[in-house]
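Below is one structure, written out as structure tokens; the observations come after it.
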Amino acid sequence: ALTTISAALRLDPPPIIRGHLHTLGAIVLARRGDISAAADRADQAAQHLARAGRQPQYMLPLAVARAELSVADGDVPGALQIMARAAEAAGPLVPTAAGWPFTWAWGRLVTGADQPEPPGLRAARDHLMAVSTHPGWRALSMAQSTALAAGRRGSAEHLAGAGDGTGSA
């Protein structure tokens, strides 16, 4: 993934695309545990996305990258706070392209922390379920919602059954 991102950056895309590419790079690096490089990428992303203002389709992926950095740094409460603030800034009518991955990432963090589902997460997911017919995201979201309702102990079983669209294995 990082090789493809680097190759795309060498093509000198517009700033918003550069920002998205750096955001993706930050997420990959954070998940690999390279926190310093991930933080640098997230900072580069923020610089390129500054012109985009607070438009959710640009800022929600950056919030995911920042939350991944917090988790990698051992600060799960900080990660949850980043996601909650981003959701509040975006409002419940999140765009589908950025909204699905954002709500999935937020739900994954909430489930992993064994926390109750925040109202903002539920509102964003409900909106996406109402406006999008994407079968993969819908199935994953239904399974994740069931896992959140069941608490952490049920999350693995419910997420394992996400492929059938019912949330059951």
Side-chain angles (χ1 to χ4, degrees), residues 1-10 13 15-50 52-90 94-122 124-125 128 136-137 140-141 143-148 150-160 162:
L2 292 174
T3 301
T4 302
I5 291 167
S6 294
L9 285 167
R10 284 193 298 275
I16 288 175
I17 301 302
R18 291 184 78 75
H20 278 299
L21 290 168
H22 283 301
T23 296
L24 293 172
I27 292 168
V28 170
L29 289 165
R31 299 290 286 173
R32 288 185 176 176
D34 192 346
I35 297 170
S36 178
D40 289 343
R41 285 280 184 123
D43 289 344
Q44 290 172 336
Q47 288 173 351
H48 289 291
L49 294 172
R54 293 193 158 273
Q55 297 176 42
Q57 67 267 29
Y58 304 121
M59 302 318 286
L60 292 177
L62 183 56
V64 172
R66 295 278 190 209
E68 290 287 352
L69 279 168
S70 287
V71 169
D73 208 22
D75 185 10
V76 174
L80 292 170
Q81 188 175 50
I82 288 167
M83 299 299 271
R85 286 182 180 158
E88 184 178 317
V94 295
T96 57
W100 281 121
F102 175 80
T103 57
W104 178 81
W106 191 10
R108 181 177 50 80
L109 289 171
V110 169
T111 302
D114 201 18
Q115 297 291 314
E117 184 176 32
L121 174 56
R122 183 174 299 124
R125 184 183 299 113
L128 291 168
W137 283 117
L140 183 60
S141 291
Q144 192 176 62
S145 183
T146 303
L148 284 166
R152 188 174 187 185
R153 302 189 93 226
S155 63
E157 295 83 10
H158 292 292
L159 291 175

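Scope of the values below: all heavy atoms of this structure, side chains included, with no hydrogens, waters or symmetry mates. Quick note: residue numbers are just sequence positions, from 1.
- Trp100 pairs by the side-chain hydrogen bond (donor to acceptor under 3.5 Å, both in side chains) definition with Ser132, not counting sequence neighbours.
- Note on residues 20-40: pairs passing ring pair (Phe, Tyr, Trp, His ring centres under 6.0 Å), not counting sequence neighbours, are His20-Tyr58, His22-His48.
- With contacts defined as side-chain heavy-atom distances shorter than 4.5 Å, the pair Leu121/Leu148 qualifies.
- In plain terms, the two heavy atoms of Leu21 and Ala8 that are nearest each other are CD1-CB, 3.7 Å.
- No side-chain heavy atom of Thr4 sits under 4.5 Å from any side-chain heavy atom of Ser6.
- At a threshold of 4.0 Å, the pair Arg108-Glu68 counts as salt-bridged, since one of the basic side-chain nitrogens sits closer than that to a carboxylate oxygen.
- Side-chain contact between Val76 and Ser70 is absent, with no heavy atoms from C-beta onward closer than 4.5 Å.
- For Gly99 against Val94, the heavy-atom pair with the smallest separation is CA-CG2, 3.7 Å.
- Looking only at side-chain heavy atoms (C-beta outward), Ile27 and Thr23 come within less than 4.5 Å of each other.
- Put simply, the side chain of Arg18 gets close to the backbone of Leu9: a donor and an acceptor are under 3.5 Å apart.
- When side chains are defined from C-beta on, Trp137 does not count as touching Leu128, because their heavy atoms never get closer than 4.5 Å.
- No side-chain heavy atom of Ile35 sits less than 4.5 Å from a side-chain heavy atom of Leu29.
- Gln144 contributes atom CD, which lies 11.5 Å from atom CH2 of Trp106 (distance to the nearest 0.5 angstrom).
- Gly19 and Leu49 get closest at one heavy-atom pair: CA-CG, 3.9 Å.
- Considering only heavy atoms from C-beta on, Leu24 stays 4.5 Å or farther from Pro61 through its side chain.
- To the nearest 0.5 angstrom, Arg125 atom CZ is 9.0 Å from Leu140 atom CG.
- Ala30 and Ala72 get closest at one heavy-atom pair: O-CB, 3.9 Å.
- The shortest side-chain heavy-atom distance between Val64 and Met83 falls under the 4.5 Å cut-off.
- The shortest heavy-atom contact between Val71 and Ala79 is CG2-CB, 3.6 Å.
- Contact between Ala42 and Leu62 at its shortest, heavy atoms only, is O-CD1, 3.8 Å.
- The CZ atom of Arg31 lies 11.5 Å from the CG atom of Leu69; values are rounded to the nearest 0.5 Å.
- Remark: Arg41 engages no residue in a side-chain hydrogen bond (donor to acceptor under 3.5 Å, both in side chains) (not counting sequence neighbours).
- For the pair Ser145 (side chain) and Ser141 (backbone), a donor-acceptor distance under 3.5 Å is absent.
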